[in-house]
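Here is the structure we will look at.
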Protein chains: 2
Amino acid sequence: MRPSVGIRDVAQHAGVSNATVSNVLNRPDVVAPATRQRVLAAIEELGFVRNESARQLRAGSSRVIAYVVLDAANPFFTDVARGVEDAAREAGLALFLCNSASDGGREREYLELLHEQRVEGILITPVDAESAQIAERGTPVVLVDREATDGTRCSVAVDDVLGGELAVTHLIENGHTRIAMVGGPLSIQQVRDRRQGALRALTNAGLPADSLTFLETRSLQVAEGRGAGERLVGLPASRRPTAAFCANDLLALGLLQSMTQQGLRVPDDLAVVGYDDIEFAAAAAVPLTSVRQPREQLGRTAAQLLLTENEPDHEHRHVKFQPELVVRASTAIKRRP
Amino acid sequence: MRPSVGIRDVAQHAGVSNATVSNVLNRPDVVAPATRQRVLAAIEELGFVRNESARQLRAGSSRVIAYVVLDAANPFFTDVARGVEDAAREAGLALFLCNSASDGGREREYLELLHEQRVEGILITPVDAESAQIAERGTPVVLVDREATDGTRCSVAVDDVLGGELAVTHLIENGHTRIAMVGGPLSIQQVRDRRQGALRALTNAGLPADSLTFLETRSLQVAEGRGAGERLVGLPASRRPTAAFCANDLLALGLLQSMTQQGLRVPDDLAVVGYDDIEFAAAAAVPLTSVRQPREQLGRTAAQLLLTENEPDHEHRHVKFQPELVVRASTAIKRRP
DNA sequence: CCTCGATGTTGAAACGTTTTAAAGCCTGAG
DNA sequence: CTCAGGCTTTAAAACGTTTCAACATCGAGG
């Protein structure tokens, strides 16, 4: 099953030393064309596959970076990952994706493993603030979609406070004064920031802070959005919000579904704003107004920062992008009946 | 930056031999409690992180499997991946995700890298038939969502021919006789199989084969679905199909969007069936009728097969699941006006 | 007091590469 | 004919673990 043909088998078969085989693998130009051919033929014939562990042990570098993603099922993160991969590929690195699935334990396990693997660098969208503290143990770490509070590492983020403000300001301009915010858990920095932005929008408009009903969810997934929809409809009509700002598009889609199911109409009975502007937002039952983030650029930039990490004069940087509101049908202004 | 503290530094610091440190790491029960404490303290103090390359080089096994996915942005695959991860985790293995993004070149690179890394096993949904042939070079490989034609490896698939048949039979039963199939490229086995199923449905119903207009797309992504929508509407009304079967839900969502944009109504002007029944299908502008596949089970089973792969008496198995039609609004029967 | 088995610990040999310094070989100039 | 210098090739020493056989130590049983 595993004949385990090594570099020395190849060498013997080609009638050269193992050093020469190694040269063919790593510096093909340095070895004479004739010998090179012979060695390549031997490699082919024996089905030799270089043992990366041994290579890495001796050479010290790994040619791999990893992205520990918060939720692989969320298209937002796969778009970020695409950006990461493009940049990594340009630098000749491969990307391994790890899914923490919002589970701090998994996240820790993956980080440990990646450290042990001595990957060239780690990108991570951490589960919560604590895990963001994770000590750097020799492997460079860059935070993605989260700002590093201390100066111990680079980070790439989007201004979530501004994003929340944009969303809710838009709702206020459309005449809404009772607004729900759906999102959670609050241990997630983004949720807190977006809520803070929402509150700022109220303040700016001179509305009282209790104009915002916060519906906390256990995760940022579609099912939780549906649950929030039921809770929302359960509220007494007099206090029921006329608009909802969701902490991400998955929640918004779930909310939308739940509204339809319960016979309420969007935007007439409830206006909805999502966040992320994932591709499916535009294809939703009611095309979703959403706060767009530069997803791929986020990933691309993060990877680039990571690559500068072991330059001698490296200083940790914190890049922050601006979000942008994309208006669609889910917040069309209410028609007079 | 990289003090590179090794097992012997720890040993020295704790006043034991490196063998003992290794024992603490791998067989904690065999070393006396007092010594163990001392070693653990030293590890903590020095911030030692085991070098996985060296471990693997010596020990031979890697505790990692990988899934080379066809399109990480397609929720279908992330759901499969969830199943894979659950099963892997139960077996104490970590999962690395690699995204070939339907690019044969990338796929080959990743496979090469994974072979070199000596991962415990590889799951792959291959880009095309050729790449499915990829020689096994010591690392067990299991095909996911694709049937292995030769008996050289295990595979887990869903009956795509049946799926296509279910979809189109449903359309025929709803009275459609001019049907479009949207999908491609034809190098993808699934697309071919689903088309074959569609044709079989026609035959069963006694309809001529040219009742099916095949609109080939360049990929299975939303944007291509939109493109197909435009082509569809461009057809002369007399020949224009009244229903479309899409090779996956992403195409169907794109098609849907394009219809709405062009002022046509689903299902009245065009009935639409998707494939995969991803979560977003139910939340679409018009909830999508779709062919559901047991996504997580697919992944879970694949991982389990992979784990049996180096049992002594292993025989390659081909598991095949049955798809199931989920009917929603996008194929509701046309009302008499 | 000796032996034996159990329990902990260790020295040293792998594992399969890369890398470095040096050795061979050749060609053409002196 | 010799030798400098360029081009190829090589022997051997790492890299940081795990593992195995062997070595202490100790208490109990004879």
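In what follows, chains are A, B, ... by sequence order, proteins preceding strands, each numbered from 1. No experiment lies behind these values; they were computed from the predicted model shown.
Look at A:S53 and you won't find any side-chain N or O under 4.0 angstrom from OP1 or OP2 of C:dC15.
Residue A:I43 contributes atom CD1, which lies 16 Å from atom P of C:dG16 at whole-angstrom precision. Across the protein-nucleic acid pair, B:E116 atom CD and C:dT18 atom C1' stand 14 Å apart, rounded to whole Å. Protein atom CZ of B:R55 is 12 Å distant from nucleotide atom C1' of D:dG16, rounded to whole Å. Note: CD (A:Q56) to C1' (D:dA14) measures 16 Å, nearest angstrom. With rounding to whole Å, B:N18 atom CG is found 11 Å from D:dT19 atom C1'. In this entry the distance linking NE2 of A:H115 with C1' of D:dG16 reads 18 Å, nearest Å. Taking atom CZ of residue A:R27 and atom P of nucleotide D:dT8, one finds them 14 Å apart after rounding to whole Å. Rounded to an integer number of Å, the gap from CZ of A:R58 to P of C:dG16 is 17 Å.
Counting non-hydrogen atoms of neighbouring residues, nucleotides and ligands closer than 6.0 angstrom, the CD atom of B:E112 exceeds 12 such neighbours.
The pair A:R106-A:E109 does not meet the salt-bridge criterion, since no charged nitrogen lies less than 4.0 angstrom from a carboxylate oxygen. Electrostatic pairing of B:D86 and B:R89 does not count as a salt bridge here, judged by no charged N lying under 4.0 Å from a carboxylate O.
With hydrogens and angles left out, the side-chain atoms of B:Q297 and B:R300 include no donor and acceptor closer than 3.5 Å. The closest side-chain donor-acceptor pair between B:H115 and A:E52, if any, does not fall under 3.5 angstrom.
Relative to the side chain of B:N23, the nucleotides D:dT18, C:dG16, C:dT9 differ in distance, and C:dT9 lies closest. Of the candidate nucleotides C:dT19, D:dT10, C:dT17, D:dT10 has the atom nearest to the side chain of A:T20.
Residue-level contact check: B:T35 touches the backbone only, with heavy atoms under 4.0 Å from sugar-phosphate atoms and none from bases. No contact: B:R36 has no heavy atom under 4.0 Å from any strand. In this structure, A:A32 reaches the sugar-phosphate backbone alone: every heavy-atom distance under 4.0 Å involves primed, P, OP1 or OP2 atoms, never a base. Using a 4.0 Å heavy-atom criterion, one finds that A:R8 contacts the bases of the nucleic acid, with or without backbone contacts as well. At a threshold of 4.0 angstrom between heavy atoms, the contacts of A:N26 are confined to the sugar-phosphate backbone, with no base atom among them.
Place B:V30 and A:N51 on DNA chain C by their nearest nucleotides, and B:V30 ends up nearer the 5' end.
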